[in-house]
Amino acid sequence: MTMISHDVVIVGAGLTGMRAAIEMGPGVDVAVISKVHPVRSHSGAAQGGINAALREEDSWESHAYDTVKGSDYLGDQDAIEIMCREAPSDIRQMEHWGVIFSRADDRRIAQRPFGGAGYPRTCYAADRTGHALLHAMYEQVMKRRVKVYTEWFLTSLIVENGECQGVTVLDMASGELVAVRAKAVVFATGGYGRVYLTSSNGLVNTGDGMAVAYRAGAPLMDMEFVQFHPTTLKSNGVLITEGSRGEGGILINAKGERFMSKYAPNAMELASRDVVSRSEQTEINEGRGVDGCVLLDLRHLGRDKILERLPQIRDLAIKFAGTDPIEVPIPVRPGAHYSMGGIKVDVDGATPMPGLFAGGECACVSVHGANRLGGNSLLETIVFGRRAGTAVNRYITGRAMPIPGDHHLAAQRDRIHTLMSRSGGERGNLLRHELGTVMNTDVGVFRDEKGLMEAVAKAREINDRAQSLWVMDKSRVFNTDLTEALEMQNVAELAQTIAAGALARKECRGAHYRNDHPGRDDANWMKHTLARWTPDGPELSYSAVTVTKYQPQERKY
Amino acid sequence: MRIEIEIERSNPAEGQPARFETFRVEVPRHITVLDTLIKLKNEVDGSITFRRSCRSAICGSCAMRINGRSGLACDTLVEDELHRFGHLRVQPLAHMPVMRDLAVDMQPFWNRVEAVNPWVETAPEREPAWPVERETLMDQAAVDEMDDTSKCIMCMACFSACEVSDVDTRFLGPAALAKAYRVVADPRDERKQERLTALNEVGGYWDCTRCNQCVQACPKDVKPMEAIVHLRREAINAGLTNTAGSRHITEFIKIVRSEGRLNEGRMPLKMVLSDPKKLLSVLPLAVDMLRHGKLPSPIHPPIPRVKEVRRIMDKKAK
């Protein structure tokens, strides 16, 4: 059995993971582990932009207010203030590191309007902002010669006496299990979009870090809050950026009506994402949709603007929806997009488990509360990736390398041996399809008690069945059939926490909408949900929301 | 529709050499090659091995050879392939060792990318202190100059399609050189001359044969070959003129300027006269060609109205 050591191990090589790695002090031996090559990470799929109050006439306080309001008052205001205050410096630093931002006439970074924002403060690189940031971040990782283990798959956390001491991983190329001991571990493993049947997320977004941390005893926070992006393609859930509405795109129904005027008369298409998604779903449910979709109309922007600002969107629409937005509107519908919830962390990325840190979409600080604003997720990765790095530097100072026992690796070897030795049973992907269907139907844009009770029971049942999947591929070399089975176990674990949290929360807040409990209930529910793993499913408890200066108000756009 | 797909399967580490396996499967009309592979893996044979993630041509995971052409499986429609070729055959990318089936060992590719030091370099004293008070000012025109190359998703399709890489493992290849141009073109970078000098060597921008395969293969319209041409131009402008490639270009232009067309007899002379070793090596060939009447005369008069050609060239130069 193989055991290697690094001072710090970062799992996930998207924006958060790489940013944290760069922040490690001189002499710190850091390794980044990722199940895909860094530039394949899902950060690169973010399109529209990254928020910061860069301009003199804007202010971080205004950004913070928009974010608090967008979060439907579930975001922790101390954390939001930190993010918005530090945003300009982080973005300028990324600019100096080589990100090619689009430029305004005065040669500064260009900014566009985005949903739920009171000022055009979303910086962008055409419609591939995540890609621009991800590749620039990887350039910095190459420059600094950070050690990256590519295509190593996370299998478990090594915890002894309540302290995190490393991880176990599967080296996919060789099929070998490896224990990596470390003084501190940072999870930056992204979201769980693949819990749902239709999602804008890549197929790798299976919430591995969240599931592994949860099983090891770290609590997950606010898992019931799932963002459904208003504009995803019907055929495959591929994302059409909010930037397309920021640039002036409008939404129309089958009758050609600009229906957002009914739901958000001021902000219209640039209301926050939960509001727009619900409006679309209402139109579709009430029979004013077009083949299960509404229409995103960009035609009036004109050919030149579409080609300059939204070139990728045009390609995607042509390729995957067979429509050229210069000529015809694009059919779109809400699709699972982002997990507001995640591993509970403080403003320095520390989880309640000593030695375990987390950042980015897999973590819940919480800066997004019940609904994330577009342009704030890329921002979170960079601000909190950096802050986690700083905190880890402090944490490991003077700390000795732990000496965990062999049994952690042995347990994983047994787990994988059991999976591999089965010669029949259920296939992971068919089970994932079954789970995704339940989640889409019962834990989607609109929810009620009956559906959620079914979802809770079904998720539990599927989680049990996921323990005895059939892995057809018996090779040791790059066995993606095996890793897909492990991913299925991860999504099944997380689905339970999402459904349980949603069933318990008897109110409407942000992305969580209960048909049977209309209205936000601040008296009883302005609190975070915490889910802890037990053998019988998630155990829920609650914690207070941090309020600094923004008192809850009715949320109107 | 019911289709046939041939997949190249192999597992060298476990002693299984490459072979084609044919699958027959019922698929919807508008399915992509990637979704077909996923369907087969889920429903027929879980051991089919390939990389994939975003399904929307931005992560770059699923590049492979489809009917011999390198590209992304997620943005290639089965229907189009069948229409064009009458069959559907998928193979791993070329120029890298196969790990298993359609997944290759990416290290040779990334070694080339890293070799061009692909990051914007600022002198340490000009690295901004924290908190960073201002961004670099830049024209949108400068951004546009980097637009093509900055779209690269490092999917490796161009490297697989590159014909020079078929015969010369030293060549850095299209993606790495396009990345080099992305940095050279960046007004923030302070190592332009050093980069151009380093890539003026064997394996660098002069070793491209301009076959255009990389431009054809690229799913993001990066046009690597054009970036390579830009690098050559930058190099000549930066005074790096001591290479055969550079001489070829400058002599070509001089001849056209003086005679109004290419003089195929003078051009080779210009190329070899400055290099006695080369002259000796091509001499027997020249004699042979002369004997067979195949050596064009180096002496011929300029075309009529050559001044008009010069005027066009002057105008273009401005």
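Model, not experiment: these values are computed from the prediction.
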*asked:* Which label fits H37(A) and W110(B): parallel for a plane angle under 30°, tilted from 30 to 60°, or perpendicular past 60°?
replied: parallel
*So which of C54(B), C59(B), S53(B) has the biggest tally of heavy-atom pairs under 4.5 Å with chain A?*
S53(B)
*asked:* I'd like to know which of S89(A), P311(A), A173(A), A110(A) tops the heavy-atom pair count under 4.5 Å against chain B.
replied: S89(A)
*Measuring heavy-atom distances to chain B, does T483(A) have an atom under 4.5 Å in its side chain, in its backbone, in both, or in neither?*
neither
*Decide, yes or no, whether a salt bridge links R103(A) with E145(B) under the criterion of side-chain N to carboxylate O below 4.0 Å.*
no
_Before you tell me yes or no, could you show the steps for E484(A) and R52(B) under salt bridge (Lys or Arg N to Asp or Glu O under 4.0 Å), namely the whole-Å CA-CA distance, both residues' side-chain angles and the distance that decides it to 0.1 Å?_
CA-CA 12 Å; E484(A) 284 182 20; R52(B) 83 286 178 274; 3.3 Å; yes
*Does a side chain donor of either T480(A) or K41(B) reach within less than 3.5 Å of an acceptor in the other side chain?*
yes
*asked:* Applying a heavy-atom distance below 4.5 Å, give me the residues of residues 12-32 of chain B that approach chain A, sorted by number.
replied: A13(B), E14(B), T32(B)
*Contact part of S174(A) toward chain B, heavy-atom cut-off under 4.5 Å: side chain, backbone, both or neither?*
neither
*asked:* Please classify the contact between R194(A) and chain B as side chain, backbone, both or neither, with a heavy-atom cut-off of under 4.5 Å.
replied: side chain
*Top residue by heavy-atom pair count (under 4.5 Å) with chain B, among H42(A), Q140(A), R476(A)?*
R476(A)
*R55(B) side chain to N236(A) main-chain N or O, any donor-acceptor pair under 3.5 Å?*
yes
*More than 12 non-hydrogen atoms from neighbouring residues, nucleotides or ligands closer than 6.0 Å to CZ on R107(A), yes or no?*
yes
_Could you check whether any side-chain heavy atom of R40(A) comes within less than 4.5 Å of a side-chain heavy atom of S61(B), counting everything from C-beta outward?_
yes
*Heavy-atom contact with chain B under 4.5 Å, split by part of V99(A)*: backbone
*With a 4.5 angstrom heavy-atom cut-off, could you sort out which part of F101(A) is near chain B: side chain, backbone, both or neither?*
backbone
*In terms of heavy-atom proximity below 4.5 Å to chain A, should K179(B) be classed as side chain, backbone, both, or neither?*
side chain
*Has the side chain of Q93(A) got a donor or acceptor atom that lies under 3.5 Å from a matching backbone atom of V132(B)?*
no
*Donor-acceptor contact present, side-chain R427(A) to main-chain E43(B), <3.5 Å*: no
*Taking every non-hydrogen atom, the tightest pair across S150(B) and R128(A)*: OG-NH2, 3.9 Å
*Where do R108(A) and R134(B) land on the side chain to side chain contact (heavy atoms under 4.5 Å, CB included) test, with the steps shown first?*
CA-CA 9 Å; R108(A) 292 175 65 179; R134(B) 54 186 57 86; over 6 Å; no
*Count the heavy-atom pairs under 4.5 Å between each of I153(B), D101(B), V113(B), D35(B) and chain A, then report the option with the highest count.*
I153(B)
_Side chain to side chain, R386(A) and W130(B), heavy atoms closer than 4.5 Å_ = yes
*R188(B) and H96(A): side chain to side chain contact (heavy atoms under 4.5 Å, CB included), yes or no, with the steps?*
CA-CA 8 Å; R188(B) 296 168 294 191; H96(A) 285 280; over 6 Å; no
*Under 4.5 Å, counting heavy-atom pairs only, tell me which of Q140(B), M99(B), R100(B) racks up the most with chain A.*
R100(B)
*asked:* Among D147(B), D144(B), D139(B), which residue has the highest count of heavy-atom pairs closer than 4.5 Å to chain A?
replied: D139(B)
_Which one wins on heavy-atom pair count under 4.5 Å against chain A: I58(B), V120(B), D45(B)?_
I58(B)
*Which residue out of V36(A), D105(A), I109(A) racks up the most heavy-atom pairs below 4.5 Å with chain B?*
I109(A)
*Tell me, side chain or backbone of P131(B) under 4.5 Å from chain A's heavy atoms, or both, or neither?*
both
*About how many Å separate NZ of K220(B) and NE2 of H131(A), when rounded to the nearest 0.5 Å?*
7.5 Å
*Just wondering, do D473(A) and T49(B) contact through their side chains at under 4.5 Å, heavy atoms?*
yes
*Supply the atom-to-atom distance E139(A) CD to N117(B) CG, rounded to the nearest 0.5 angstrom.*
11.5 Å
*Could you look at N11(B) and say if it's the side chain, the backbone, both or neither that has a heavy atom under 4.5 Å from chain A?*
side chain
*Please flag which part of R51(B) lies under 4.5 Å from any non-hydrogen atom of chain A: side chain, backbone, both or neither.*
side chain
*Decide yes or no for E151(A) and M106(B): does some side-chain heavy atom of the first lie under 4.5 Å from some side-chain heavy atom of the second?*
yes
*Side chain from CB out, backbone as N, CA, C, O: work out which of these in R85(A) comes under 4.5 Å of a heavy atom of chain B, or both, or neither.*
neither
*For the pair K143(A) and E127(B), find out whether any cationic side-chain nitrogen is under 4.0 Å from an anionic carboxylate oxygen.*
yes
*Among T150(A), I100(A), D315(A), single out the residue with the greatest number of heavy-atom pairs under 4.5 Å to chain B.*
I100(A)
_Rounded distance (nearest 0.5 Å) linking atom CG of L137(B) with atom CG of D106(A)_ = 7.5 Å
*Test side-chain hydrogen bond (donor to acceptor under 3.5 Å, both in side chains) on E95(A) and T136(B) and set out the steps.*
CA-CA 7 Å; E95(A) 191 279 328; T136(B) 322; 2.8 Å; yes
*Which bit of F478(A) is near chain B, if near means a heavy-atom gap under 4.5 Å: side chain, backbone, both or neither?*
both
*Given the options C155(B), C152(B), A103(B), which has more heavy-atom pairs under 4.5 Å with chain A than any of the others?*
C152(B)
_Do L203(A) and I38(B) make a side-chain contact, defined as non-hydrogen atoms from C-beta onward lying under 4.5 Å apart?_
yes
